[in-house]
Amino acid sequence: MTTTRPGTAAARRLAESGVAGIAPGLTDAEFTRLEARFGIEFAADHREFLAAGLPVTD
């Protein structure tokens, strides 16, 4: 049995709702650059959500 992780499930639900589209997610290299540039560290669940896909609207 495969368990869907919360961030991945949230991205899927958002896409299915029609509220926003989902663009390709961030790569590990992109997370590393963002965290270094802004001096932050993404929480694991937020990182998972943004890796699964980026919400976009028109």
Side-chain angles (χ1 to χ4, degrees):
M1 180 172 128
T2 303
T3 302
T4 303
R5 298 176 60 148
T8 302
R12 184 182 324 123
R13 283 193 305 271
L14 184 60
E16 290 170 351
S17 75
V19 172
I22 300 293
L26 297 174
T27 65
D28 286 337
E30 290 169 322
F31 277 112
T32 298
R33 284 195 305 270
L34 286 167
E35 290 173 336
R37 180 176 180 181
F38 295 105
I40 61 168
E41 185 176 333
F42 286 94
D45 56 348
H46 194 195
R47 185 181 184 104
E48 180 190 334
F49 175 74
L50 295 175
L54 298 173
V56 293
T57 60
D58 293 333

Scan the side chains in residues 8-18 for donor-acceptor partners under 3.5 Å anywhere in the protein, sequence neighbours excluded, and list what turns up.
residue: Thr8; atom: OG1; partner: Glu48; partner atom: OE2; Å: 3.3
residue: Ser17; atom: OG; partner: Leu14; partner atom: O; Å: 2.7
residue: Ser17; atom: OG; partner: Val19; partner atom: N; Å: 3.1

**Message:** Test of understanding: with ring-ring contact (aromatic ring centres under 6.0 Å, His included), list the residues that count as partners of Phe31, not counting sequence neighbours.
**Reply:** Phe42

**Complete:** dist Leu50:CG -> Asp45:CG (nearest 0.5 Å) comes out at 10.0 Å

**Request:** Linking directly or through intermediates, with side-chain heavy atoms under 4.5 Å: list the remaining ILVMFWY members grouped with Val56, chain and number order.
**Result:** none

**Prompt:** How long is the gap from CG on Leu54 to CG on Leu26, to the nearest 0.5 Å?
**Reply:** 4.5 Å

**From CA spacing to verdict: side chain to side chain contact (heavy atoms under 4.5 Å, CB included), Leu34, Ile40** = CA-CA 8 Å; Leu34 286 167; Ile40 61 168; 5.6 Å; no

**Listed once per pair and sorted, the side chain to side chain donor-acceptor pair (under 3.5 Å) pairs that draw on residues 32-44, sequence neighbours left out** = Glu35-Arg47

**Request:** Only counting residues at least two apart or in another chain, list the ones meeting side-chain contact (heavy atoms from CB on, under 4.5 Å) with Thr57.
**Result:** Ala20

